[in-house]
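Take a look at the structure set out below.
Heavy-atom basis, side chains included; hydrogens, waters and symmetry copies ignored. In the text below, chain A, chain B and the rest are named by the order of the sequence lines, each starting its count at 1.
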Protein chains: 2
Amino acid sequence: MSSEARVSSLDVARRAGVSRSAVSRVFTPGASASAETAAKVRRAAEELGYRPNALARAVITGRSRIIGLIVAYLDNQFYPVALERLSNALQERGYHILIFTAGNRDEDISGILQELIEFQVDGIITASVGMTNDLTRRCAAAGIPVVMFNRGQPGSGLSSVTSANRAGGAKLAEFLVAGGHARIAHVAGWQGSSTGVDRKTGFVDRLAALGREPLDVIDGMYDREITMAATRDLMARPAPPDAIFAGSDHTAFAVMDVLRGELGLDVPGDVSVVGYDDVPIAAWPGYDLTTIRQPVGRMVEATVETLLAQIEAPDRPAQALEIAGDLILRGSARIPEGYGP
Amino acid sequence: MSSEARVSSLDVARRAGVSRSAVSRVFTPGASASAETAAKVRRAAEELGYRPNALARAVITGRSRIIGLIVAYLDNQFYPVALERLSNALQERGYHILIFTAGNRDEDISGILQELIEFQVDGIITASVGMTNDLTRRCAAAGIPVVMFNRGQPGSGLSSVTSANRAGGAKLAEFLVAGGHARIAHVAGWQGSSTGVDRKTGFVDRLAALGREPLDVIDGMYDREITMAATRDLMARPAPPDAIFAGSDHTAFAVMDVLRGELGLDVPGDVSVVGYDDVPIAAWPGYDLTTIRQPVGRMVEATVETLLAQIEAPDRPAQALEIAGDLILRGSARIPEGYGP
DNA sequence: CCGCAGCTTGCATAGCTGTGCAATGAAACG
DNA sequence: CGTTTCATTGCACAGCTATGCAAGCTGCGG
């Protein structure tokens, strides 16, 4: 409530008639202080508007309670939703998110790692970022725990939390085949990412197990424009697909926009479309998209638990968690007999 | 490249055969150091993987280069887009965003202010948050500059950056009247926010100036469900509206989903719909929404400039900036003669 | 009444860095 | 070659807090 000069523990100590140590102990859980001095200190702190300096505290305890979040892009709604939940989950545990936006270029990521070290972050979460092996090595060298959210990197020694992407891709393959589709195409997610590769692999392998093969697989790079171009290309062929699996909901919307908006086709009458993620928009009647749900809540919980555990015990081995996701039936694809309620 | 022990400037100094001061000066722009020692120091730092401790630096300079961002929700796509740009703009200037998610309840905000002070943030940006006057006073007391993004609070003494919301509302009123609509309704943005109030006021006032009045004005709270309920209510009346202005694009999508998805109506054949923001989805063929563009890029620039200027010169008076936004013509509303190209 | 145990509290130090000040060295100039 | 000047560098201190250690005090039991 005083003027704008920053107020330190010394000011509080003087006003309360005690030493700095006493003030520090009052604000340190687990330290011993008598009820009387605690009251005096709290009152003085209140009057002066004092709060302990978390940065100075971090310098001496070696714990900043800051988590660095590296995120490449936010246009896929899955990531803002996850960001909000991550922030809430970490806030509840006394941690905070320092955000870093980066393209997927190596030099971006490299520079960001420097800054993460400068800010003494206790841990790192990456989202929608494909890490390089170089970065992997440097993180390990810096001794900062890393959890990759919605990405994995086998053999990197880094923890990761993903949904069961291969299983999800397989479910969609079965679903589309059961729906009686003849020409099934896949506009895949970025093949530089584990999610993009795993979904594709699970999808193609299950098709093969059913004695089928995809009409075509094109890398849509998780990009709206590229996916739209790929869709136009597919549909311009003599025998166009009657079902398209897009690598994410965000790109499935792009596919549907081309089919309905540009080509005047009916979904699912002419072409069935399925996606992956179950972002909120997928439930809107405008798209009503059949998709695999990525359980954001549980993925976030697992990410936070894993990261904090690794911060507590740095020697704990990294673990790659996969969380199963359900097929969500909606109106964008023919529903075969036996599915649904 | 070494083991995981944190490496300090003393380690680098020893390895380079110089004093701590020399190391500090090499990493402080503007300080004097000979080319020779700079080379020695940089080399030793490289070998040890040293980076200066930004937290310790912040303790002594009194500048953390951390900006606190308070955001209430991210489901309206306008905010993730803004967040990404804010982060980029600040990163370019050597600042970073510490993120705080909060509901709009007073106790949330109050607790967050404590944490903002603890982390010694140099400035605060609020987005999608309605601040209380109490918070206003406490921020001023703490001496931390605040810029409200996409919100204003007249008379609070806080800086703000918004688009010209009254002017935008007026443009939409004119546009809908020129389109020959007979019964014009407004499902407004949250009336506890300046944007919601200003857009409504500009809209209603211009209607009045044209000798018209709205069929009804309902507070949609910027919430999808509430807006959908309001739309159902409007359309169930004996004389339903033939044009609806929704307080944001995000809620305009909700209106369209009810009209087309639930009621089987044609947009704009039966009802014209307009929104506000011009988020990316508004341009997708699935919605193709006529709206007022909020120029995110310029709003972000202005926010960053204002905040940094206020950090440099704390006595600088607060300013409320308004940035004009254009009417973007698309297919969700009848286009009157004389508009368009 | 005395000794001991246990809780409090102040002192001093640690944890990392920026920066004023003075000393050192070299370079430049006469 | 002598002197002045300037850049450079080390020392010491500041900035804010946590914590081990020892001293003080209180209370309890003998």
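Rounded to the nearest 0.5 Å, atoms CD (Glu118(B)) and CD (Gln120(B)) are 9.0 Å apart. Here Ile99(B) contributes atom CD1 and Ile97(A) contributes atom CD1; the two are 6.5 Å apart, rounded to the nearest 0.5 Å.
Looking at heavy-atom distances under 4.0 Å, Ala58(A) makes no contact with the nucleic acid at all. Using a 4.0 Å heavy-atom criterion, one finds that Ser32(A) contacts the bases of the nucleic acid, with or without backbone contacts as well.
Recorded end-axis angle for the helix from dC1(C)-dG30(D) to dG30(C)-dC1(D) stands at 40°, based on five pairs per end and rounded to 10 degrees.
Residues Arg93(B) and Glu301(B) are paired through a salt bridge, judged by an N-O separation under 4.0 Å between the basic side chain and the carboxylate. A salt bridge is defined here as a Lys NZ or Arg NE, NH1 or NH2 lying under 4.0 Å from an Asp or Glu carboxylate O, and Arg42(B) with Glu46(B) fails to meet this definition. A salt bridge does not link Lys40(A) with Glu36(A): none of the charged nitrogens is closer than 4.0 Å to a carboxylate oxygen.
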Can you tabulate the close N/O pairs, meaning under 3.5 Å, that link protein atoms to atoms of nucleotides 18-20 of chain D?
unit_1: dA18(D); atom_1: OP1; unit_2: Arg57(A); atom_2: NE; d: 2.3
unit_1: dA18(D); atom_1: OP1; unit_2: Arg57(A); atom_2: NH2; d: 2.7
unit_1: dA18(D); atom_1: OP2; unit_2: Ser24(A); atom_2: OG; d: 2.5
unit_1: dT19(D); atom_1: O4; unit_2: Ser21(A); atom_2: OG; d: 3.4
unit_1: dG20(D); atom_1: O6; unit_2: Arg25(A); atom_2: NH2; d: 2.9

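Between Arg14(B) atom CZ and dC16(C) atom P there is a gap of 11 Å when expressed in whole angstrom units. Note: CZ (Arg65(A)) to C1' (dT17(D)) measures 16 Å, nearest angstrom. Distance, Arg6(B) CZ to dT17(C) C1': 15 Å, rounded to whole Å. Note: CG (Leu10(A)) to P (dG15(D)) measures 10 Å, nearest angstrom. Atom CZ in Phe119(A) sits about 14 Å away from atom C1' in dT17(C), given to the nearest Å. Following rounding to the nearest Å, Glu36(B) (CD) and dA7(D) (P) show an atom-to-atom distance of 18 Å. Taking atom CD on Glu118(B) and atom P on dC16(D), their separation rounds to 16 Å, with Å as the unit. Following rounding to the nearest Å, Arg63(A) (CZ) and dT17(D) (C1') show an atom-to-atom distance of 17 Å.
The two residues Leu158(A) and Met148(A) have their closest heavy-atom pair at CD2-SD, 4.2 Å. Residues Val26(B) and Ala33(B) come closest through the heavy atom pair CG2-CB, 4.2 Å.
Looking at which nucleotide of DNA chain C each of Val59(A) and Ala22(A) is closest to, the 5′-most match is held by Ala22(A). Heavy-atom nearest nucleotides on DNA chain D were determined for Ser8(A) and for Ser19(B), and the one closer to the 5' end corresponds to Ser19(B).
Aromatic ring centres of Tyr73(A) and Tyr222(A) lie farther apart than the 6.0 Å criterion allows.
Scanning for salt bridge (charged side-chain N to carboxylate O under 4.0 Å, His left out) contacts around Arg65(B) gives an empty result, with sequence neighbours left out.
Taking every side-chain heavy atom of Ala33(B) into account, dT9(D) is the closest of dT17(C), dT9(D), dT9(C).
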